[in-house]
Structure formats: structure tokens, C-alpha cells
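One structure below.
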Amino acid sequence: MELSINPILLVASLMVASTPILLAAIGEMVVEKAGVLNLGVEGMMIVGAICGFAIAVETGSPAVGFVAAALGGAILSMLFGFLTQYLLSNQVATGLALTLFGLGLSSLMGQGYVGIKPPSTPKLDIPILGDIPVLGPMIFSHDLMVYISLAIVAGVWAFLKYTRGGLILRAVGESHDAAHALGYNVILVRLAAIGFGGACAGLGGAYLSLVRVPQWTEGMTAGAGWIALAIVVFASWRAGRVLLGAYLFGGITVLQLNLQAAGVAIPVELLSMSPYLITILVLVIISSDRNRAALNAPASLGRSFHASS
Amino acid sequence: MKKRTFLLTGVAAAALASGAFADGHAPVKVGFIYVGPIGDGGWTYEHNKGRLAVEEHFGDKVETVFQENVPEGADAERAMTQMALQGADLIFTTSFGYMDPTIAVAAKFPDVKFEHATGYKRADNVSTYSARFYEGRAIQGHIAGNMTKTNKIGYIASFPIPEVIRGINSAYLHAKKVNPDVEFSIVWAYTWFDPAKEADAAKALIENGADVILQHTDSTAPQAAAADAGNVVTFGQASDMGEYAPFPRVSSIIDDWAPYYIQRVQAVMDGTWESVDTWDGIGPGMVGIGEITDAVPADVKAEAEAMRDAIGAGEYHPFTGPINKQDGSVWLAAGETASDGDLAGMSFYIEGLTGEIPN
């Protein structure tokens, strides 16, 4: 059977399909680098999805919607931050609760928005670059959020690697006691990281409801937040690998659906599990040097900090 | 394990002793287990409408509880157990994948009645019920075959279970009848509800040339993807999905569970509940055909409505021979209609469909 898949369309939809997970994962990576494990990604994503959707519908502007989504995610994450950083609640339990809370809250907020069409997010028409034959429609003809998500990845990478702020954040994540002894405000740094993670998750959610699907449906993240969490771990807390993981996962998801639609004679069971299988395999192989991977895991991950202890 | 069993029996005994189970005065407690959120706009939305109808019909004589987003598998058992422990008298488990968990939990709670949707395993306290969705699929197939210009119809399937396969066969059979050149591309999404994945599947099908999309997943995401593409026809699945009418959604299959739910709750109140197997279609009203919009040519619409009425009146069976299986062997001879047993366990494509059914 002839392959009727158009590679240009495929790469284009790959980038769209990967962006929500990428945004959520890169945010969570920063949170974990600061030594906090926030399992509430799914909850923050879905709250971002409805905040962004609702505001975009009310104002008619997707851009305002995305800002609202980031704010919504960040505000929800501050609830987590307050509980875990000031009240020293257990991070795993609080994160799970945040997911449940976010799912409930979002369906409450979304009551009036079922079946509504959001304002469409314009695709950028980049001069010159967009006119390159093949590459133009493939890579340079997306909406702004796709590029913002890539810029965030690059920014996070540079921030963690080259800046003093990044060093402080990593120090807090490695040994909060040492960072505290050096005079850094551990709680403040962590709150900032949690807020950033929440904002990114919110953006990812809004990308789902405003661009990728685009509509509001209860529970529409359907586990994307958990995939993002898994990608952070398998990417051994490195920005570049998070990007690779998210694009692999999104890409293979789209590819396998396309292969099925084109009627390629590969067993569907194999195709269907391929996104999970290949993403995990590739990331595990890249991170197979166990000593180095272990070094990458923030040493204080998931531990509560109190100045007296 | 032992400790847990002990605890369970302990709690159950306590519940019995305190008279939480139906004693004729306390309201009958009815539980619902949903696979998606009640706002999915499709399958779960309709089951929840049935629940609300029960509440409205019986007023304070019933109390209903429900749990959404219950994964199919081990977690479902936990949700059902919890509901039974909370004193539910009747529990509706509304997805195919709850079949074994329902049977397992029902064995532990012989006094609680269970009703499992779309399955085939029954017990003394487990009934099954389903709708003949394939009747609606026949009408969709007829419209789809007439409306496709590319002769390519995309089908977003969920899991390879008989119910889904029946739908594919029925739609294909009737599309092929009116359009011999029609081809089906089938994508197995392996989910009932994941709007992003459903949207991706719809886009993949559209990019591969399909201009009609049939879906057997629960959300309205494929409708949104089709609306975005502009010239793609869709059908509402499980619910009317009227937000997308008159185009891309040109008609729909609507599941109406309310009469059945009311009847079964009444049976529990009267003490006449028995384990039964119910499979109703267009005739009794369990399957409804949503309004066929004007985007469909008038003659096609009239034919579709005639088919609907003929099926409803029992004059026409969507699976009437001659029909061959995919491998060319004879399934139904000319004039022969499919038996319910054959349909219930259907695990083969009919002749003309390409690809294989995953196991």
C-alpha cells in the first residue's frame, strides 16, 4: 500500500501535538530542580485550560486568554506552595489533592462554556522564513505559542546553566540546608519555582483548549499532566531532553494515528503503545549512565524544609 | 488480603445491622459509575441525563450517587465496592470495561443489584443492558456514503470490542450499498475519552483524504476538528452534539437511557428486580436519531428517515444477507438476518473492509 502521509503536515501537527506536554514538563522540571515535587500538574493544566478558554471567549483575544491561563495555573500552584512551604504538608499528598481539586474546580468554572467555539489563534506569517519551500510550512507557520514554548525551554536551559539565579535554584534543590546556611531564602526561591511551574502548566492546558482541540470539555487534559511528569524523570531533569521527550511523545502519537489512517499494515496494538514505549526507551538509553543520571536528580527532591531543622 | 476481606465483611455487616439497606422506608440508593466526566457531551453525559431523570421521576424516594472518570480495570472495583459499602441498592456500571470488575464486586455483595452496560456477563444480581447502536450506524452509513466526495470515510474507533465492530460493519455495509467506491479508514484510539487524541485522530484522517468522520469515542473533539477543516461531515455520537449542527454534524445517534433506568429503579422498589439481558434499539426508543440537517440532500434525508422508520417498526434488519465476511466466506445467506448471538460476539469485519481488527 502506498504511503499517503504528507511529511510536511506530519511535522506541523507533531509540533502542535507536543506543545502542551512540553510546556507542562518544562515548568515541572524547574519546580523539581528547586527540590519540590508537585504532582498537581494535571490539575494546574486543566485549570489553565478553562481559565484561558473562558477569558479568550469573553475578551475575544486568545493572547489575553493565554495570559489568564498562566495566571490561573500560577495562582493554583500558590495554594500548593502555601500548603507545602509554610504549613509543611506532604508534597505527594498535596500534589495529588491539587490535581483532584483542579479537575473539580475546572468543571465548575467550565459549566457555561461547553460547546462554544473559541476565537481562533492566528498563525504567524513569518516573512522570508515562512516562504522556504518544505521547511516553511513545516516549522515556520505555527501560532506564536509554539515558539514561545521553545523559547521557554531555551530560556530555562540558559537560566539553569549560566546564571547566578539558576545556580541558587539548583543549590536549593540539592541541599536546602546548605542554601539556607549561605543566606538564601529557600522558601521564596521554591515559591517562585512553583509559580513558574504553575504558569507553564496553565499555558500548556490553554494550548489544548484554544489551539489543539479547540474547545472546552470537562477533563480534557485526560492524563497529559502525568505524561509531563514522567517525561521530566525520564529526561533526567535536563531541558534539552525534556524537549526531545515531549516531541518524541507527541510526534509518535501523531505518527501512529497517521499510519493507521493511511492503512499501513502494522499491528495497531504496537502502534498504539509506541509513543510510551519509544519515548521511555530513548530517554532511558540517553540517560543510561546511572551515576550521572543520579547526579542530575535534585538531592532534596520532595523533602520539606523548615529553617529550624 | 485477609485483613481487607475481614474489614469489608465487618463494614457490610454493620451496614446491614443498622438497616441501611432497603427496608421499604429509606430512599432507594442508586449508584452510577462513569468512564468519563459528566460534561463530555457524549456517552457519559447521556447516562447522567438518565440519572437526573431517575431523580426527577422518583423525587425523594430515591437518592443517587455517581463517580466520574473511573478507569476501566482494577480501580473500577474499588469505586464500586465503595459505592456498595455506602449502601447503594442498585449500581449501574456504564462502560464495557467494567464487566469483570462488576461481576467480581457483585459476588461480594449479593444483596446489591448491579446493571452493567454493553457487556455480556450476568449473575443472579447482575443484569446487562445495551442499545442497538448498529441500527443508528446503518443510517449514518447511508448518509455518509451519499455525502462523501473523496469516497474516503474516516472512522475513529475506541476499543476492538463487538459493540464497536458492529458499528463499523453496519456503517460500512450501508455506505457501500449507496456508493460502491467507498473506502473506510479506521483509526483505533484505544480510549473512550481523550479530546486531544480524538482531535489528532480526526485530523490525521482528514489529512489522509477523509471527508466524512464517524466516531465511536465520547467527546466532541472530532466535531471541532471537522468544523476547523471546513468541509468535513460528522455525526453526533451517543449524544446529539447539536452545538455542531447544521454542519459539520448532520445527524446523530442519541442514547436514551432514562426510561430503562426508571423502570429498573421501580423494579428494585417493587422487589421485582431480576437479572435480565436488555438490548433495545430504535423501536423502543433506546436509540434515537438526531435531526438530519438540511446540509444533507433532501432525497438522502428522506431515504434515511424511511430506513429509520423501517428499522423502528422491525421491518428491516440492518444485517440482512447476503453478507460475506472479510475473508470472503458466507456469513448470511440472501434474506437471512443476523441472530443476536452472532451480533453480541461479533469479532470479524465484513467483506470489503481493509485492515485487521486488533486483538
Side-chain angles (χ1 to χ4, degrees), chain A residues 1 3-6 8-10 12-14 16-17 20-21 49 100 103-104 106-108 110-111 113-118 120 207-209 211-224 250 253-265 267-273 275, chain B residues 34 36-42 44-45 68-69 71 152 154-157 159-160 183-210 213 218-225 227-228 241-244 353-359:
Chain A
M1 184 168 272
L3 260 184
S4 57
I5 298 171
N6 181 338
I8 298 178
L9 287 175
L10 186 70
S13 27
L14 173 166
V16 170
I21 298 174
L100 296 176
L103 286 169
S106 66
S107 67
L108 179 68
Q111 290 296 326
Y113 292 96
V114 174
I116 294 178
K117 210 172 165 334
S120 72
Y207 195 79
L208 266 180
S209 63
V211 181
R212 185 166 166 212
V213 173
Q215 65 175 10
W216 164 251
T217 310
E218 261 179 49
M220 67 182 302
T221 43
T253 304
V254 170
L255 177 66
Q256 70 99 355
L257 291 170
N258 269 282
L259 286 173
Q260 285 198 44
V264 174
V268 175
E269 302 90 327
L270 269 181
L271 286 176
S272 203
M273 64 181 170
Chain B
Y34 298 140
I38 56 173
D40 68 352
T44 298
Y45 175 74
E68 313 168 86
N69 292 316
K152 239 186 172 180
Y155 204 113
I156 305 172
F159 294 95
E183 268 179 53
F184 267 40
S185 12
I186 298 157
V187 167
W188 296 94
Y190 279 94
T191 178
W192 290 112
F193 176 82
D194 182 344
K197 197 166 186 188
E198 293 170 49
D200 286 346
K203 283 180 205 160
L205 287 164
I206 293 166
E207 282 168 12
N208 276 280
I213 301 281
D218 299 347
S219 91
T220 49
Q223 313 277 329
D228 224 32
M241 302 192 178
E243 317 77 280
Y244 290 92
L353 281 164
T354 50
E356 274 173 41
I357 300 174
N359 301 312

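Each chain gets a letter, A, B and so on, in the order the sequences are listed, and its residues count up from 1. The basis for the numbers below is simple: all heavy atoms, side chains too, and nothing from hydrogens, waters or symmetry mates.
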CG on A:Leu257 to CD on B:Glu198, rounded to 0.5 Å: 11.0 Å
Can you say whether A:Pro267 sits under 4.5 Å from chain B via the side chain, the backbone, both, or neither, judging by heavy atoms? neither
How long is the gap from CD on B:Glu243 to CD1 on A:Ile116, to the nearest 0.5 Å? 9.5 Å
Which portion of B:Ile186 sits near chain A, non-hydrogen atoms under 4.5 angstrom: backbone
So what's closer than 4.5 Å to chain A heavy atoms on B:Tyr155: side chain, backbone, both or neither? neither
Trace of the side-chain contact (heavy atoms from CB on, under 4.5 Å) decision for B:Glu207 with A:Ser13: CA-CA 10 Å; B:Glu207 282 168 12; A:Ser13 27; 4.0 Å; yes
Quick one: does A:Gln260's side chain get under 4.5 Å of B:Asn208's, heavy atoms only? no
Quick check on the interface: out of B:Pro195, B:Ala202, B:Ala189, B:Ala225, who has the most heavy-atom pairs with chain A under 4.5 Å? B:Pro195
Non-hydrogen side-chain atoms of B:Glu356 and A:Val268 separated by less than 4.5 Å: no
Residue part contacting chain A, namely of B:Ala199, when any heavy atom lies under 4.5 Å: side chain
Which heavy-atom pair separates B:Phe193 from A:Glu218 by the least distance, and what is that distance? CZ-O, 3.0 Å
Just give me the residue among B:Gly209, B:Ala196, B:Ala210, B:Pro222 that pairs up with chain A most often, heavy atom to heavy atom, under 4.5 Å. B:Ala196
I'd like to know which of A:Lys117, A:Met220, A:Gln215 tops the heavy-atom pair count under 4.5 Å against chain B. A:Gln215
Does CZ belonging to B:Phe184 count more than 12 external heavy atoms closer than 6.0 Å? yes
Rounded to the nearest 0.5 Å, how far apart are CD1 of B:Ile206 and CG of A:Leu9? 11.5 Å
Can you tell which part of A:Gln256 gets under 4.5 Å to a heavy atom of chain B, answering side chain, backbone, both or neither? side chain
In short, side chain to side chain donor-acceptor pair (under 3.5 Å) pairs touching residues 183-197 of chain B with sequence neighbours left out are B:Glu72-B:Trp192
Between B:Gln223 and chain A, with a heavy-atom cut-off of 4.5 Å, which part of the residue counts as in contact: side chain, backbone, both or neither? neither
